[in-house]
Number of protein chains: 2
Amino acid sequence: MKNTIADIAHKAGVAKSTVSRFLNGGSVSHATRRKIEQVIQETGYIPNSFAQSLKAKKTSMIGTIMPRLDSFSASQTVAGMDEELRKHGYQLLIINASQDLSREIEALYDLARQKISGIILFATQVTETHLAAIQEIGIPVILLGQQHNHVHSMIYNDYAAGYDMGRYVLSMGHRQIAYIGVTEKDVAVGVKRKEGFLKAVSEYDEAEAFLYESGFKMSDGVKTACSLFELNRTLPTAVVCATDNIALGVMKAAHMKGIPIPERLSVTGFGGYDVTEVIHPGLTTVKYGYFQAGHLAAQHIMKLVNDEPVDFLTVMKCEMIHRESVDKLN
Amino acid sequence: MKNTIADIAHKAGVAKSTVSRFLNGGSVSHATRRKIEQVIQETGYIPNSFAQSLKAKKTSMIGTIMPRLDSFSASQTVAGMDEELRKHGYQLLIINASQDLSREIEALYDLARQKISGIILFATQVTETHLAAIQEIGIPVILLGQQHNHVHSMIYNDYAAGYDMGRYVLSMGHRQIAYIGVTEKDVAVGVKRKEGFLKAVSEYDEAEAFLYESGFKMSDGVKTACSLFELNRTLPTAVVCATDNIALGVMKAAHMKGIPIPERLSVTGFGGYDVTEVIHPGLTTVKYGYFQAGHLAAQHIMKLVNDEPVDFLTVMKCEMIHRESVDKLN
DNA sequence: CTGAAAGCGCTTACAG
DNA sequence: CTGAAAGCGCTTACAG
C-alpha cells in the first residue's frame with residue numbers, strides 16, 4: 001500500500017515520468033506499458049490523490065453543507081445531488097452543520113481549504129457572516145432553499161405554495177383557520193409560506209386566520225396543537241401547518257384528544273414527505289421536488305465551476321396534493 | 001485566495017518555516033506573531049490541505065459507504081457517526097453507493113486513494129470482492145449491519161429481535177401468522193430476523209407461519225400485502241413484516257381494502273422509524289438504535305485508526321415497542 | 001525564537 | 001517513446 005510512483009518506476013525499470021504518463025493515458029510503448037501494468041498489478045499501487053491535487057490545483061469534488069442529515073428534505077436533496085454529480089465524474093463531500101449556523105461558516109472555510117471546486121449550501125438562514133465567508137473563499141457557491149441577492153440562489157416558490165394551500169382550504173368552506181408557522185428567521189418557510197397563506201385569507205372577507213409558531217420537530221407540532229386545543233374557545237375548522245412534520249404532530253395530538261380528522265378538524269402540511277401518503281387519513285400537502293432540486297443544484301454548480309453562465313435566481317415549482325385530511329364544509 | 005505560505009512569509013518579512021510554525025502552534029515571538037496574524041487577516045490566507053496531507057501522510061477523515069442516503073436507518077446512522085467523529089476532530093466523508101454493490105467496491109478504492117484514515121461500511125451484503133478490496137487497501141474497515149469473520153463487524157441482534165417479536169405476537173394469541181421477509185442475500189434482515197421469528201413459532205405446536213418475500217420499499221409492501229389479501233383463503237390474524245417500511249405498506253394496503261387494523265389484522269414491523277409512533281394505530285415494532293450505532297461505529301473506527309484494540313464483533317441490542325397495531329385474541 | 005534546505009508524491013514542459 | 005529536473009504548497013529536523 002505504501003508504494004509511490006518512484007517504487008513502481010524502479011520496479012518496472014523506467015522513469016517516474018513514464019509511469020505518470022502511463023497513469024494519465026499518455027503515449028507509452030507497448031512493452032513498457034505491459035511492464036508497468038504488471039508491477040502495478042502486483043504491488044496494488046494506489047496513487048496518492050493529495051499529490052495529484054497539489055499539482056492539478058483543483059479537485060473534482062463538490063461540497064454540500066446541510067443543516068441536518070436526518071430529515072426527509074435533506075436526505076432526498078442530497079441523494080439527488082449525489083446522483084447527478086456522480087454521473088458527471090464529480091464526488092460529493094457532505095458536511096453536516098447540525099443546525100448550527102456557525103458550523104456552516106466553519107464548513108465553508110473547511111471546504112475551501114480542501115480545494116473543493118464548488119459548494120451547495122442548503123440554507124435556512126443567510127447572515128452577513130455567511131456572505132462574508134462566501135466572498136472570502138472565492139469558490140462558486142449556490143444557495144439552495146433561500147435567496148440572497150449576491151449569491152446564486154435556488155428557491156421553491158413558497159409564497160405560491162402558501163397561497164395555493166390557503167385558496168384550497170378556503171375553497172373547501174373553511175373560514176376559521178389556524179396557521180402553525182415557524183421562526184421568521186427562516187425566510188422561505190417562516191415568512192413566505194405564511195404570507196402566501198395570509199394573502200389567500202385576505203381575499204375572503206369572512207375568513208379569519210389565527211397564527212401560532214412552532215419548532216420544526218414533530219414533537220413541537222404536538223405541543224403547539226395541544227396548547228391550541230386547550231384554549232377555551234371554539235376550535236378552528238382547519239389548521240394549516242408550515243411543514244409536514246408539524247402536521248404529523250398535530251394529527252397525533254388530535255388522535256390523543258379524540259378529535260377526529262377531518263370530521264372535526266382539517267389538517268394540511270407542506271413538503272410532500274413519503275409518509276403523508278400512507279398515513280390515514282392521507283395528508284393534504286404541497287409536494288416539494290427535493291430530489292429534482294438536488295439534481296438541478298448539481299447541474300448548476302457544475303456549470304458554475306466550469307465558468308458557464310447560470311441564472312442568478314432559480315424558482316422551483318411546487319405541487320398541491322389533495323388527500324383526505326381536509327373536509328368539505330357546507 | 002491564491003496566497004501560499006510563501007506569500008505570507010514574504011509580506012510579513014519572515015521565513016516560510018516561521019509562518020508554518022505559527023500556523024501549527026509552535027513557538028513564535030510576540031512581535032512576529034502579530035505581524036503574521038495581520039497579514040493572514042488581510043490576505044484571507046487559507047492553507048492548502050493537500051500540501052498539508054501530503055506531508056502528514058494522513059488525514060483526519062473517516063469515510064463511510066452507504067447503500068443509500070434517503071432512508072431512516074441510513075440518515076440516522078450517518079447523523080450519529082458524524083456527531084461523534086466531529087467531536088473528536090475527524091471529518092466524515094459520505095459516499096452513496098446507490099444500492100449497487102460494485103459501487104461499494106469502487107468506493108473502497110476511492111477512499112483509499114484519498115488517504116482516508118478509516119472506513120465504515122454500512123453493509124447489506126458482504127461478497128468475496130468486498131473482502132478482497134478491504135484487504136488490498138490496507139485501511140481499517142468496520143462493517144456495520146452485517147458480520148464477516150475477517151472484518152471488524154457491528155451487528156444488531158436480529159435473531160433475538162425476530163424471536164422477541166414472534167414471542168410477543170404469539171403471546172397475544174395469534175396462531176396463523178404471515179411473515180413478509182426480504183431477500184436472503186441480506187443476511188441480517190433477510191435471514192436472521194426470519195429465523196428468530198420462526199424459532200418462536202416452532203415453540204407453539206398449534207402455530208403456523210406463512211412466508212412471503214417482498215422488496216424493501218413501501219410500495220413493495222403494498223404489493224405483497226395485496227396479493228396476500230387476494231389469495232382466496234382465510235386471512236392470517238397477524239402479519240409480521242421484516243421492516244417498518246414494509247409494515248407501512250401493508251397498513252396502507254389494508255386501509256385500501258377496508259380491512260381494519262388491528263381488529264381484523266394485526267401488523268408489526270422492525271426498525272422503530274419515527275413515523276411508526278405518529279401513525280394511527282401506532283405500529284408495534286422493534287426499535288433499532290441507529291443513531292447510537294453510528295456513535296459507536298465512530299468510536300470503534302477512531303480506536304482502530306489509532307491502533308487501539310476493538311472487539312472484533314459487537315452485537316447491539318434492540319428494544320420491543322408495543323403499540324396498538326397488535327390485537328389481543330382470546 | 002528564527003531561517004535554509006530537504007522532502008512529501010505527483011505532473012509537466014523540455015530535451016533527447 | 002522516454003528521462004532528468006523543476007515545481008505544486010507545506011512541514012520538519014537541523015543549525016544558529
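Lettering of chains follows the sequences in order, A, B, ..., and the numbering in each one begins at 1.
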Re dA4(C): Watson-Crick or G-U wobble partner, both distances kept under 3.5 Å, found to be none
Base-pairing assignment for dA13(D) (Watson-Crick or G-U wobble, both under 3.5 Å) |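 Matched dA13(D) with nothing under the 3.5 Å cut-off.
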Report yes or no: does [X] contribute a side-chain atom to a donor-acceptor pair with the main-chain N or O of [Y] at less than 3.5 Å?
X         : Y         : result
Ser98(A)  : Asp100(A) : no
Arg86(B)  : Met81(B)  : no
Ser117(B) : Val305(B) : no

If I take atom [atom1] in residue [X] and atom [atom2] in nucleotide [N], what distance separates them, rounded to the nearest angstrom?
X         : N       : atom1 : atom2 : answer
Arg113(A) : dG9(D)  : CZ    : P     : 16 Å
His10(B)  : dG9(D)  : NE2   : P     : 16 Å
Ile8(B)   : dG3(C)  : CD1   : P     : 15 Å
Ile46(B)  : dC10(D) : CD1   : P     : 11 Å
Asn3(B)   : dC8(D)  : CG    : P     : 14 Å
Phe22(B)  : dC10(D) : CZ    : C1'   : 16 Å
Lys16(A)  : dG7(C)  : NZ    : C1'   : 11 Å
Asp7(B)   : dC8(D)  : CG    : C1'   : 13 Å

query: Do Asp158(A) and Tyr288(A) meet the criterion of a side-chain donor-acceptor pair at a distance under 3.5 Å?
result: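 Side-chain D/A pair, Asp158(A) to Tyr288(A): present.
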task = Decide whether Gln146(A) and Gln125(A) meet the rule of one side-chain donor and one side-chain acceptor closer than 3.5 Å.
result = no
Closest to the 5' end of DNA chain C, once Leu23(A) and Val14(B) are matched to their nearest nucleotides, is Val14(B)
Check nucleotides 13-16 of chain C against the protein and report each pair of N or O atoms closer than 3.5 Å, with its distance, or say if there are none.
none

(message) Using 30° and 60° as the class boundaries, would you call the ring planes of Tyr156(A) and Tyr290(A) parallel, tilted or perpendicular?
(response)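 Plane angle over 60°, so perpendicular.
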Would one find a side-chain N or O of [X] under 4.0 angstrom from OP1 or OP2 of [N]?
X        : N       : answer
Tyr45(A) : dG9(C)  : no
Ser29(B) : dT2(C)  : yes
Ser20(B) : dT11(D) : yes
Gln52(B) : dT11(D) : yes

More than 12 heavy atoms of other residues, nucleotides or ligands under 6.0 Å from CD of Glu308(A): yes or no? yes
- Task: Select one nucleotide: of dC10(D), dA6(D), dT2(C), the one nearest the side-chain heavy atoms of Thr18(B).
- Result: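 The answer is dT2(C).
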Winner on side-chain proximity to Val28(A), out of dT2(D), dC10(D), dT2(C), is dT2(D)
